[in-house]
Amino acid sequence: MKKKILLVGGGGREHALFKALKRSKNETEIWLYPGNIGMEKDGGKKIAEKINNWEELAEWALKNKIELTVVGPEIPLVEGIVDIFNEKKLVIFGPSKFAAQLEGSKKFSKELMKKYGIPTAKYECFSDKKSAQIYVERVGAPIVVKYSGLAAGKGVSVCETVGEAFKALGDIFDGNGFGDENCAVIEETMFGEESSVFVLTDGTNYKILPCAQDHKRIFDGDKGANTGGMGAYAPAPVADKKVIDEVEKTIIIPTLDAMKKEGGEYRGLLYVGIMVTENGVKVVEFNCRFGDPETQAVLPLVNCDWFDVFYAAAVGDVSKIEWEVSANFAAAVVLASKGYPKSSQKGIKILGLDEAQKIKNVDIYHAGTAIGENGEIVTDGGRVLSVTAWDETLKKAVERVYSAVDKISFDGMQYRKDIAKKGLLRLDGEA
Ligand code: AMP
Ligand code: GLY
C-alpha cells in the first residue's frame, strides 16, 4: 500500500523534503500544497481543490486518508496548523503553536533562554520607541535591533551606528511594513562564525543532522543585502565535535527540557542558529522548521527512511529509528533572478536543467519557477533554483556543484561563486 503524504510549502526546501521522502522504502503518494513545478515533474500531485485555511486543509487530509503531513515553512506552524491537525487525530510533523513561538516571537525565545540559562546575546525588550532609543543611546553601537515577530528574514538589523539603530527602531514602531507585534528586541552584537544546527526531535529524544553554514548576503565575500540564503554546505568544519557537544549540553537538552516545563513539548525540527564566539557557543536564533537552503545541502547526507523519521518525530520515539550519516560533504548554490532580493523577474526562459541533472551526485531543486507559454520552464520569483552536489571532500563537492551550475543559464541569473569558502579555508588551515 502506498503511503499517502501531504507536503505543505513550495520552495527549494520543500522540493528537497519531497525528494528525501521519495527515497522511502515504502512507495509514496505525495500531495502538494501548494508545491512547485519541480515537485510535480517528480511525481507530486497538486491539490486541485481551493483551500482557504488550515482547517480546510485538515478536512481535506482527513477525507483523503493522509497518513503523514510534513510542513516546510514557518507561517503555518506559527499559525497553529499542527494543533488543528492533531485535533482531528491526523499525524503531522512540526511543533505546536505554543512551541513554534520559539521562532514566532523573539521575545518568547529570548525570555526562555534567559530563564533557563541558555547562552545567547544579552538583550532587552521594548514596547515603545522612546525607551528603546534611550537604551540604544546609553549602550551605543554596534548593536542589534530585531523585530520580535515573523519578518521573513528582514526583521534583523546589525547596526554599526546609533543612527542605523534609530532607523531600525523607526521601521518597527512607525508601522513601516512589519506586523502588529510592536516590540523590539535589542541585543549586544556577537562576533564569530555561524552555523545552522538542525535537531530532529520527538520532544525528548533527538538526532542532530550534519551542521550547515548558510550564506545570507547576496554578493561574494558576505557583501550586499541580506537574502533568504544564497547557498549552504555541510558538514561545516566550524561546528566540530567539540562545538556540537557544547551545543547539546548547553542548548539542545536545556531547551527541550525548558519547553516541557513551560507546558509545550517541542516536536519537529528545531533549527538552532549558533555563533561560535571566543566565549563559547551562543544562540543567534531558533527557527521552528528546516532552513532554506541548508536543507538542500543536509538531507542528501543522511541515509534513513524520512517517512519513518518524520512519523516518529510526530508521534513516536526518534531514538528507535535507523539513521546513518554519510561521510560525504554537500554544497548547495542558489540561482536567483535579476534584482533579487529587492525584486525579481518572471517569465525568463531557463536553459540547461537536463544537462545539469545528468551530472552524477547532483540534485536540482525548484523554487521560483513556472511553465511558460510554450511549455518551457521559466523564472517566477527571486530564488529560482538551488543546485546541490555531494562528494567525498568539500572541495570536490564544491567543484561538482559549480560544474552543474555552469550548465544552467537564464537572463539576469545571479549566484554566489564563493559558497563554502570559509569551510575550505578552515580545512586548509588544518591540513
Ligand atoms: P536572526 O534572524 O535572528 O537569525 O538574525 C539574522 C542574522 O543577523 C544572523 O544570521 C546573524 O548573522 C545576524 N545577527 C543576529 N543577531 C545577532 C547578534 N546578536 N550579533 C551579531 N549578529 C547577529
Ligand atoms: N537559511 C535561513 C533560514 O532558513 O532561516
Side-chain angles (χ1 to χ4, degrees), residues 9 11-14 16-17 71-75 77-78 100 102-110 113 119-124 136 139 141-160 164-165 168 172 178 184-198 209 211-218 222-234 236 238 269-279 281-299 332-334 336 341 365 367 382-383 386 416 419 422:
R13 162 185 54 206
E14 287 76 25
L17 290 166
V71 186
E74 62 277 16
I75 289 177
L77 296 165
V78 171
L102 272 185
E103 172 164 5
S105 168
K106 292 201 187 289
K107 183 167 183 277
F108 175 90
S109 65
K110 293 298 285 192
M113 285 188 266
T120 187
K122 286 202 194 75
Y123 78 101
E124 291 290 337
V136 166
V139 178
I143 197 158
V144 179
V145 177
K146 298 185 175 184
Y147 171 64
S148 175
L150 286 185
K154 297 190 184 104
V156 175
S157 307
V158 181
C159 307
E160 299 296 335
E164 274 176 50
I172 293 171
F178 290 125
V185 171
I186 303 184
E187 301 190 343
E188 67 173 337
T189 308
M190 297 185 285
F191 297 95
E193 202 175 323
E194 288 180 67
S195 177
S196 309
V197 183
F198 292 176
L209 287 95
C211 298
Q213 189 168 65
D214 192 6
H215 298 65
K216 287 196 204 277
R217 304 295 188 114
I218 183 76
D222 296 332
K223 300 270 180 356
N226 260 318
T227 70
M230 291 299 291
Y233 65 99
V238 64
L269 192 287
L270 178 64
Y271 171 138
V272 189
I274 58 164
M275 181 91 78
V276 182
T277 77
E278 275 178 359
N279 306 315
V281 182
K282 295 187 183 180
V283 176
V284 179
E285 64 167 342
F286 285 123
N287 290 323
C288 63
R289 37 79 195 172
F290 281 97
D292 189 343
E294 296 98 317
T295 304
Q296 292 89 309
V298 165
L299 294 188
V333 177
V334 169
Y365 308 104
R383 288 196 290 180
S386 47
R416 280 184 60 162
I419 298 304
K422 283 198 198 109

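By convention here, the first residue in the shown sequence is residue 1. Remember, it's 1-based here, ligands and their atoms both numbered in the order they're listed. Predicted, not measured: the structure shown is a model, and the values here were computed from it.
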Handout entry: Element-labelled atoms of ligand 1 that are located less than 4.0 Å from some non-hydrogen atom of Lys216
Key = 9 (C), 10 (O)
Exercise for the section: Ignoring hydrogens, just give me the one of Lys122, Lys146, Met190, Glu188 whose non-hydrogen atom is nearest atom 16 (N) of ligand 1. Expected result: Lys146
Handout entry: Residue portion contacting ligand 1 (non-hydrogen atoms closer than 4.0 Å) for Val156
Key = side chain
Handout entry: Interfacing atoms of ligand 2 (cut-off 4.0 Å, heavy-atom, Asn287)
Key = 5 (O)
Practice task
Compute the shortest N/O to N/O distance between Thr189 and ligand 1 and return yes if it is under 3.5 Å, no if not.
Solution key: no
Exercise for the section: Just need the protein heavy atom nearest to atom 2 (C) of ligand 2, so name the residue and atom and give the distance. Expected result: Asp214 OD2, 3.3 Å
Exercise for the section: Could you tell me whether the side chains of Glu294 and Tyr271 share a donor-acceptor contact shorter than 3.5 Å? Expected result: yes
Practice task
Enumerate the atoms of ligand 2 whose separation from the nearest heavy atom of Gly228 is less than 4.0 angstrom.
Solution key: 1 (N), 2 (C)
Problem - Validation row: Leu77, Arg289 side chains within 4.5 angstrom (heavy atoms) - result: yes
Practice task
Starting at CD of Glu193, measure out to OG1 of Thr277 and round the result to the nearest 0.5 Å.
Solution key: 12.5 Å
Problem - Donor-acceptor side-chain pairing of Ser386 and Gln296 below 3.5 angstrom - result: yes
Handout entry: Geometric N/O contact Glu285 with ligand 2, under 3.5 angstrom
Key = no
Exercise for the section: For Gly291, take its heavy atoms, then give the atoms of ligand 2 lying under 4.0 Å from any of them. Expected result: 4 (O)
Practice task
Would you mind running through ligand 1 and noting each atom that sits below 4.0 Å from a heavy atom of Ala121?
Solution key: 19 (N)
Exercise for the section: Assess the side chains of Thr120 and Lys110: does a donor N or O sit below 3.5 Å from an acceptor N or O? Expected result: yes
Problem - Those residues that, when tested against Pro119, pass side chain to side chain contact (heavy atoms under 4.5 Å, CB included) (two or more places apart) - result: Thr250, Ile251, Lys282
Exercise for the section: Tell me which part of Arg13 gets within contact of ligand 2: side chain, backbone, both or neither, using heavy atoms under 4.0 Å. Expected result: neither
Exercise for the section: Would you please say whether a donor-acceptor pair under 3.5 Å links the side chains of Glu188 and Tyr123? Expected result: no
Completion exercise
of all protein heavy atoms, closest to atom 3 (C) of ligand 2 is Arg289 NH1, 3.4 Å
Exercise for the section: Measure the CG-CG distance between Leu270 and Asn287 for me, rounded to the nearest 0.5 Å. Expected result: 8.5 Å
Exercise for the section: Only counting residues at least two apart or in another chain, list the ones meeting side-chain hydrogen bond (donor to acceptor under 3.5 Å, both in side chains) with Lys422. Expected result: Asp222
Fill in the blank from the handout: A student checking ligand 1 against Met275 at a 4.0 Å heavy-atom cut-off should list atoms 21 (C), 22 (N)
